[in-house]
Amino acid sequence: MTTDTTGTAARDGEPRRGGPADSPFVRACRREPGPHTPVWFMRQAGRSLPEYREIRANVPMLESCRRPDLVTEITLQPVRRHGVDAAILFSDIVVPVAAAGIDLDIVPGTGPVVAEPVRTAADVERINPIGRDDVSYVDEAVRLLVAELGDTPLIGFAGAPFTLASYLVEGGPSRTHAKTKALMYGDPELWHALCARLAEVTLAFLRVQVDAGVSAVQLFDSWAGALSEADYRRYVLPHSAHVLAGLAGAGIPRIHFGVGTAELLGAMGEAGADVVGVDWRTPLDVATRRIGPDKAVQGNLDPAVLLAPWPVVEAAVRRILDEGRAAPGHVFNLGHGVLPETDPEVLTRVVALVHELSARPAA
């Protein structure tokens, strides 16, 4: 699969020079030197920004993800505000699942809630394949954003099969993932059928974004940390690997991230991403040893540190940049998403500090 959009893959499969493809973010993902360590924040598109809360007032989450005008504006807000090195598409991990025919809603204060949780093979069959027409609003939003962002890369967004399966089996968020594990252990055949179906939906969703012009993609496996390494390798890795392998010809970096995945980092690297996201629990130099020398890393400031006095924040940023030097490429980020109570000015200062401390002389 190739595209002809500046900053993504050229028709010969080689990345174009100039534009997003030569940005500090994409260069770091490819383990190439750049002018500074790039920085962006997970959940940067909203939550802590007053302009986000204003534009989202009285607009349900799923509706906001389906309106290209809102997606475009919300995605651009943190780029304007903070000067981050990359934008990430404003969306939600259940958007493609809803497009696949699953009756669900994103309930404020709760999260995704599924009307009929998956229990049987017939339930799996209800998950339909999707194509561009099913998520045409995402295609339109990405094209609008690529035009607006210019040299700033846009990161595509999708949830990984395990996390999507957990929502569908549990019927909503879960702290224990007990129903998910009960299905996984008790009916492996049904489990793999469910994850295989979700992997195809996720891959199709990401391909729409790639064809529309994103410069990188991130596959979020938010709940993978609930598993042992053995269970991850048996029940999850093949399906995440299928998604990432399906994008291997796109000519753009692939990022893979999960929470609480210290013991899974090596296996997650094996899934096929170019960059492995690391949460705040594992120092980046330690993570690099677990992942291996052929992957860049992303992370990993504890989001709660941003609520501390500035000297504490600055010290933590310096430490993470130091630890990140052990990796062949480092994208500065949080170890999870921005907390809603975060002062936006602190985020802006962090971006400036990362750029200042990591600035490299021109070759």
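Judged purely by atom type and a 3.5 angstrom limit, Q218 has no side-chain atom pairing as donor or acceptor with the backbone of F257. Formation of a donor-acceptor pair under 3.5 Å by the R43 side chain with backbone atoms of L339 is not found in this model. Checking side-chain atoms of E323 against main-chain N and O of I320 turns up no donor-acceptor pair under 3.5 Å. Within the 3.5 Å criterion, the main-chain N or O of P328 finds no donor-acceptor partner in the side chain of R31. Here the side chain of R53 pairs a donor or acceptor atom with the backbone of R47 at under 3.5 angstrom. Under a 3.5 Å cut-off, the side chain of S215 and the backbone N or O of P153 do not form any donor-acceptor pair. Not one N or O on the side chain of T163 forms a donor-acceptor pair closer than 3.5 Å with the backbone of A160.
Each side-chain hydrogen bond (donor to acceptor under 3.5 Å, both in side chains) pair with one or both residues in residues 126-135, not counting sequence neighbours, appears once here: D123-R126. Applying the side-chain hydrogen bond (donor to acceptor under 3.5 Å, both in side chains) test to every pair with at least one member in residues 238-254, sequence neighbours left out, gives these pairs: H192-H239, E200-H242, R254-D274. Within the structure, side-chain hydrogen bond (donor to acceptor under 3.5 Å, both in side chains) contacts touching residues 61-70 (residues at least two apart or in different chains) are R67-D69. Residue pairs meeting the ring-ring contact (aromatic ring centres under 6.0 Å, His included) criterion with at least one partner in residues 118-137, sequence neighbours excluded, do not occur; the list is empty. Here side-chain hydrogen bond (donor to acceptor under 3.5 Å, both in side chains) pairs that include residues 82-97, with residues two or more places apart or in two chains, are H36-D85, H82-T348, D85-H355.
There is no path of hydrophobic side-chain contacts, each under 4.5 Å, that joins V79 to L144. In the hydrophobic clustering of this structure, L334 groups with L353; members are Ile, Leu, Val, Met, Phe, Trp, Tyr whose side-chain heavy atoms approach within less than 4.5 Å, directly or through other members. Taken together through direct or relayed side-chain contacts under 4.5 Å among Ile, Leu, Val, Met, Phe, Trp and Tyr, L164 and V113 form parts of separate hydrophobic clusters. In the hydrophobic cluster analysis, where Ile, Leu, Val, Met, Phe, Trp and Tyr join through side-chain heavy atoms closer than 4.5 angstrom, W280 is grouped apart from F41. Under the 4.5 Å side-chain heavy-atom criterion for grouping Ile, Leu, Val, Met, Phe, Trp and Tyr, V107 is not connected to L62 through any hydrophobic cluster.
To the nearest 0.5 Å, atom CD1 of residue I93 and atom CZ of residue F220 are 9.0 Å apart. Once rounded to the nearest 0.5 Å, the distance linking CG of L194 with CE of M184 reads 12.0 Å. If you take CG on L190 and CG on D187, they are separated by 4.5 Å, rounding to the nearest 0.5 Å. Separation of atoms CG (L244) and CE (M268) is listed at 9.0 Å; rounding is to 0.5 Å. Interatomic distance, F25 CZ to N333 CG, rounded to the nearest 0.5 Å: 9.0 Å. With values rounded to the nearest 0.5 angstrom, L198 atom CG is found 12.5 Å from L203 atom CG.
Salt-bridge annotation for E345 and R349: absent, with no side-chain N of the basic residue lying under 4.0 Å from a carboxylate O of the acidic one. Using a 4.0 Å cut-off between charged side-chain N and carboxylate O, R80 and E73 make a salt bridge.
Applying the side-chain hydrogen bond (donor to acceptor under 3.5 Å, both in side chains) rule to E116 yields no partners; only residues at least two apart in sequence or on another chain are considered. For E125, the side-chain hydrogen bond (donor to acceptor under 3.5 Å, both in side chains) criterion is met by R197, not counting sequence neighbours. Contacts of A100 classified as side chain to side chain contact (heavy atoms under 4.5 Å, CB included), with partners at least two apart in sequence or in another chain: I127, I130, V201. When the side-chain hydrogen bond (donor to acceptor under 3.5 Å, both in side chains) test is applied to D322, the partners found at least two apart in sequence or on another chain are R325. Residues meeting the side-chain hydrogen bond (donor to acceptor under 3.5 Å, both in side chains) test with W40, sequence neighbours left out: Q298.
Counted within 6.0 Å of CD on E54, heavy atoms from surrounding residues, nucleotides or ligands total 12 or fewer; the atom is thus considered open.
Two residues are said to be in side-chain contact when any heavy atoms from C-beta on lie closer than 4.5 Å; T180 and W191 meet this criterion. Two residues are said to be in side-chain contact when any heavy atoms from C-beta on lie closer than 4.5 Å; D231 and V236 fail this criterion.
What you find for L237 and A267 is that their closest heavy atoms are CD1-O, 3.5 Å. Across all their heavy atoms, Y232 and H256 have their closest contact at OH-NE2, 3.7 Å. Counting all heavy atoms, side chain and backbone alike, P50 lies closest to P344 at CD-CG, 4.2 Å. Shortest non-hydrogen contact noted between V297 and A327 is CG2-CB, 3.5 Å. The two residues G83 and V351 make their nearest non-hydrogen contact at O-CG1, 3.5 Å. Listed here is the closest heavy atom pair of G335 and M42: C-CE, 4.2 Å.
Checked against the 6.0 Å centroid criterion, the rings of Y235 and F162 do not qualify as a close aromatic pair.
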Trace of the salt bridge (charged side-chain N to carboxylate O under 4.0 Å, His left out) decision for D139 with R143: CA-CA 6 Å; D139 175 82; R143 293 178 190 278; 3.1 Å; yes

Worked verdict on F205 versus R207 for side chain to side chain contact (heavy atoms under 4.5 Å, CB included): CA-CA 5 Å; F205 188 57; R207 280 176 171 162; over 6 Å; no

Side chain to side chain contact (heavy atoms under 4.5 Å, CB included) between Q44 and L49, intermediate numbers included: CA-CA 9 Å; Q44 69 183 13; L49 296 182; over 6 Å; no

Evaluation steps, side chain to side chain contact (heavy atoms under 4.5 Å, CB included), between T261 and V276: CA-CA 11 Å; T261 55; V276 177; over 6 Å; no

Steps toward side chain to side chain contact (heavy atoms under 4.5 Å, CB included) verdict (Y167, V97): CA-CA 10 Å; Y167 279 118; V97 179; over 6 Å; no

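Of the candidates L70, T75, L76, T72, T75 is the only one forming a side-chain contact (heavy atoms from CB on, under 4.5 Å) with F90. For the side-chain contact (heavy atoms from CB on, under 4.5 Å) criterion with I155, the lone passing option out of V214, V26, I88 is I88.
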Which pairs of donor and acceptor atoms, one on a side chain in residues 304-317, lie under 3.5 Å apart (sequence neighbours left out)?
from: W310; atom 1: NE1; to: E314; atom 2: OE1; distance (Å): 3.4
from: E314; atom 1: OE2; to: R318; atom 2: NE; distance (Å): 3.2
from: E314; atom 1: OE2; to: R318; atom 2: NH2; distance (Å): 3.1

Ignoring hydrogens and angles, write down the donor-acceptor pairs under 3.5 Å from the side chains of residues 284-292, residues two or more places apart or on other chains.
from: T288; atom 1: OG1; to: L284; atom 2: O; distance (Å): 2.9
from: R290; atom 1: NH1; to: A262; atom 2: O; distance (Å): 3.0

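Between the side chains of S166 and H177, at least one donor N or O lies within less than 3.5 Å of an accepting N or O.
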